Amino acid sequence: MNDLTILDAMAERLKSVEPPVGYSLRNVYATPQESLPVVPAIVFFPGDDTVSIGSANRAVTLTVNAVLYLTPIPRMDQKYRDLYTWRSWMRDAFNADVTIDGNAAQVTVTSTTLGTDTYADQDYLTVTAAVEVLVYEAIAYSE
């Protein structure tokens with residue numbers, strides 16, 4: 001299984017999930033971009049992976065950081081309402097199978113973090129979700 005295929009499928013999944021009421025998700029990027037022309041937008045950043053080999057299969061757990069970028073808001077109440085709303089949405093957005101080349105992969109949000117970050121010299125509010133993707137593959141060894 002190709003990592004980029006997995007990330008593209010995850011991006012398509014997020015694009016298909018209804019955003020929180022009163023909000024819109026403008027784009028989801030499977031790989032980091034040079035800039036973010038519109039927000040809210042989610043960008044996937046690579047993490048580690050682990051591989052377990054069986055007699056005729058392989059289990060790959062891929063870790064991805066999914067970062068949601070939001071326009072900074074000076075009003076504290078509204079800022080935290082937005083952050084909490086989006087964090088709840090990100091925790092639940094993968095609560096269904098993600099189909100990758102006809103195979104379903106288990107995608108799980110293991111933690112979230114609220115904060116701020118700079119992307120391409122622009123300041124943003126952020127919600128970061130640590131995501132684990134578990135993919136089982138049948139493999140055949142050749143001699």
Side-chain angles (χ1 to χ4, degrees), residues 1-54 56-141:
M1 183 65 56
N2 179 294
D3 287 0
L4 192 52
T5 302
I6 294 169
L7 295 173
D8 285 339
M10 290 172 56
E12 289 305 312
R13 167 69 184 158
L14 288 182
K15 290 176 188 176
S16 73
V17 176
E18 188 71 30
V21 174
Y23 295 89
S24 65
L25 181 61
R26 305 294 297 276
N27 213 333
V28 181
Y29 300 100
T31 58
Q33 304 294 297
E34 296 302 318
S35 65
L36 299 174
V38 293
V39 292
I42 295 174
V43 180
F44 294 154
F45 292 93
D48 297 331
D49 71 352
T50 58
V51 180
S52 300
I53 303 292
N57 61 49
R58 175 172 70 176
V60 177
T61 302
L62 179 65
T63 304
V64 177
N65 287 314
V67 182
L68 171 72
Y69 291 91
L70 302 165
T71 302
I73 300 171
R75 297 180 326 276
M76 291 291 266
D77 179 56
Q78 188 59 49
K79 173 170 80 173
Y80 282 97
R81 285 183 180 280
D82 289 352
L83 288 169
Y84 292 145
T85 298
W86 278 109
R87 177 167 69 180
S88 297
W89 180 86
M90 287 186 73
R91 270 196 312 255
D92 295 339
F94 289 113
N95 285 353
D97 289 335
V98 173
T99 302
I100 303 168
D101 285 345
N103 298 312
Q106 180 180 346
V107 181
T108 306
V109 173
T110 60
S111 67
T112 61
T113 305
L114 304 178
T116 59
D117 197 4
T118 301
Y119 192 108
D121 297 327
Q122 185 73 29
D123 292 331
Y124 295 99
L125 295 174
T126 59
V127 178
T128 301
V131 181
E132 286 188 355
V133 184
L134 179 57
V135 179
Y136 287 104
E137 299 177 278
I139 56 174
Y141 294 102

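All figures in this text were calculated on a predicted structure; none of them were measured in a lab.
- Taking 4.5 Å as the limit, every side-chain heavy atom of Leu7 sits out of range of all side-chain heavy atoms of Val133.
- Within a 6.0 Å radius of CD in Gln78, more than 12 heavy atoms belonging to other residues, nucleotides or ligands are found.
- Between Val67 and Tyr119 the shortest side-chain heavy-atom distance does not fall below 4.5 Å.
- Using a 4.5 Å cut-off on side-chain heavy atoms (C-beta onward), Leu83 and Arg87 make no contact.
- Proximity of Pro72 to Thr116: side-chain heavy atoms (C-beta onward) are nowhere separated by under 4.5 Å.
- The distance from atom NZ of Lys79 to atom CG of Leu125, rounded to the nearest 0.5 Å, is 6.0 Å.
- Expressed to the nearest 0.5 Å, how far CD1 of Ile42 lies from OG1 of Thr126 amounts to 12.0 Å.
- Heavy-atom minimum distance, Phe44 versus Val64: CB-CG1, 3.8 Å.
- The shortest distance between side-chain heavy atoms of Phe94 and Val17 does not fall below 4.5 Å.
- Taken to the nearest 0.5 Å, the OG1 atom of Thr71 stands 11.0 Å off from the CG atom of Asp123.
- Scanning both residues, Ala129 and Met90, for their nearest heavy atoms gives CB-CE, 3.7 Å.
- Going from atom CD1 of Ile139 over to atom CD1 of Ile53 covers 4.5 Å, rounded to the nearest 0.5 Å.
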* To do: Could you walk me through whether Leu62 and Val135 pass side-chain contact (heavy atoms from CB on, under 4.5 Å), step by step?
  => CA-CA 8 Å; Leu62 179 65; Val135 179; over 6 Å; no
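- Scanning both residues, Tyr124 and Val39, for their nearest heavy atoms gives CE2-CG1, 3.6 Å.
- Heavy atoms from other residues, nucleotides or ligands lying under 6.0 Å from OH of Tyr80 number 12 at most.
- Here the closest heavy-atom approach between residue Asn65 and residue Ala130 is recorded as OD1-CA, 3.9 Å.
- For the pair Arg58 and Val51, the minimum side-chain heavy-atom distance is below 4.5 Å.
- Using modelled atom types, one side-chain atom of Arg13 and one backbone atom of Ala93 make a donor-acceptor pair closer than 3.5 Å.
- Without hydrogens or angle criteria, Glu18 side chain to Ser16 main chain gives no donor-acceptor distance under 3.5 Å.
- Of all the heavy atoms in Pro19 and Ser24, the pair that sits closest is CG-CA, 4.0 Å.
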* To do: Please lay out, stage by stage, how Glu137 and Val60 fare under the test side-chain contact (heavy atoms from CB on, under 4.5 Å).
  => CA-CA 8 Å; Glu137 299 177 278; Val60 177; 4.0 Å; yes
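- Of the possible polar contacts, none joining the Thr61 side chain to the Thr50 backbone as a donor-acceptor pair under 3.5 Å is found.
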* Kindly determine whether Tyr23 and Asp82 satisfy side-chain contact (heavy atoms from CB on, under 4.5 Å), including the steps that lead there. => CA-CA 9 Å; Tyr23 295 89; Asp82 289 352; 2.5 Å; yes
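- In this structure, Trp89 and Leu14 have side chains that are in contact, with non-hydrogen atoms separated by less than 4.5 Å.
- Pro40 and Leu68 get closest at one heavy-atom pair: CB-CD1, 3.9 Å.
- Contact annotation: the side chain of Leu114 approaches that of Tyr84 to within less than 4.5 Å [non-hydrogen atoms, C-beta and beyond].
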* Step by step, work out the side-chain contact (heavy atoms from CB on, under 4.5 Å) result for Thr110 and Thr63. => CA-CA 10 Å; Thr110 60; Thr63 304; over 6 Å; no
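- More than 12 heavy atoms of other shown residues, nucleotides or ligands fall within 6.0 angstrom of atom CG in Asn2.
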